Amino acid sequence: AQKPKAALALQEVMVFSNDCKCPNYWRGVPHASVDIAAGPRKIWHINITGHLYSSAVPLKQMPTAKRPWKKITPNPDPNGVMHRVTVDPSGNPWVVLTGGQIYRYNKGKWIRVPGDARDIAAAGKHMTMASGYKGMEVFAKPYGAPDAIKSWKFTNGHGISLAAASNNISWLVKRSGDIWQRPVGRKWKKMPGNRAVDIATNGNTTFHIGSGGEPYKYVPRKNSWTRMHGRSNKRIAVDATGRPWMVDANSKIWTWHDYK
């Protein structure tokens, strides 16, 4: 069996630049970010200096709140920099450092998880997914399984971006930009769409960002993607209500206004 160089794929935020020219659709949220993720109740992001923050007010108030974020201290590794984040079913964040190290947060403490990753996604009973730091192999770890290398099982997939949800269906984006989907225990299946760079899902709603930074929403009944307003995005996430959150090429955070 292959040993995972695991990377937890975090649910990411859609990003959108000031050239979008669609203020009726997107609202900016203070802070500069490199990655974003949505948990059961909160939004989490890593700022440009590598510090983790969680939402400090109800999500609808984020664009207008004076202090929308709460800083999480301390950092998991004083010598490392966080650059990927995801959130598990209990609402606890998992992060990946620039060196590939994986940490999870529990009761105010950081716990080192064996393995090395480039991306991470955690959601659902079986859905901690990680892509290898070097080979981009995708591994799965049952929620609550011991923090050990042997807990990671190779899924026969490879990717640069991962997303997972409580319905136990995971998504990945390959280096080529192709999009694949996998229910727990089954094989990866190629889905419509290509040239993607990031993907996010909450189980009911799925988004991806195209190579030009444009966001798309998946339409299950048509098995296709619908283009949304916005461009120059790099990271995307989707909260429990189906509202997308993005980080744009200028590291600015955006959320869809009154999304339905």
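Residue numbers run from 1 in the order of the sequence given. Keep in mind that this is a model prediction, so the values were computed, not measured.
For residues 200-212, there are no salt bridge (Lys or Arg N to Asp or Glu O under 4.0 Å) pairs, not counting sequence neighbours.
Within the 3.5 Å criterion, the main-chain N or O of N204 finds a donor-acceptor partner in the side chain of N202. The main-chain N or O of N79 is found under 3.5 Å from a side-chain atom of D77 such that the two form a donor-acceptor pair. Of the possible polar contacts, one joining the K153 side chain to the K150 backbone as a donor-acceptor pair under 3.5 Å is found. Listed for the S131 side chain is no donor-acceptor partner under 3.5 Å among the backbone atoms of E137.
Shown here are the side-chain hydrogen bond (donor to acceptor under 3.5 Å, both in side chains) partners of Q181, two or more places apart in sequence or in another chain: there are none. Under the side chain to side chain contact (heavy atoms under 4.5 Å, CB included) criterion, N106 pairs with N92, R104, I111, sequence neighbours left out. Applying the side chain to side chain contact (heavy atoms under 4.5 Å, CB included) rule to N47 yields the partners H45, T49, H51, Y53; only residues at least two apart in sequence or on another chain are considered. Take T98 and apply the side-chain hydrogen bond (donor to acceptor under 3.5 Å, both in side chains) test, not counting sequence neighbours, and it matches no residue. In this view, Y105 satisfies the side-chain hydrogen bond (donor to acceptor under 3.5 Å, both in side chains) rule with no residue, not counting sequence neighbours. Residues passing the side-chain hydrogen bond (donor to acceptor under 3.5 Å, both in side chains) test with R112: none are found, sequence neighbours excluded. Partners of T226 according to the side chain to side chain contact (heavy atoms under 4.5 Å, CB included) rule, which considers only residues two or more places apart in sequence or in another chain, are V219.
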Can I get a per-line list of side-chain donor-acceptor pairs under 3.5 Å for residues 58-74, giving both atom names and the distance, sequence neighbours left out?
unit_1 : atom_1 : unit_2 : atom_2 : d
T64    : OG1    : Q61    : O      : 3.4
W69    : NE1    : P30    : O      : 2.7

Distance-only donor-acceptor pairs under 3.5 Å for side chains of residues 184-192, two or more places apart:
unit_1 : atom_1 : unit_2 : atom_2 : d
W188   : NE1    : T155   : O      : 3.2
W188   : NE1    : T155   : OG1    : 3.1

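No more than 12 heavy atoms of other residues, nucleotides or ligands sit less than 6.0 Å from atom NZ of K42.
Tested against W256, the residues W245, F207, Y25 include a single ring-ring contact (aromatic ring centres under 6.0 Å, His included) partner, Y25.
Ion pair D178/K174 not flagged as a salt bridge, since none of the NZ, NE, NH1 or NH2 atoms sits closer than 4.0 Å to an Asp/Glu carboxylate oxygen.
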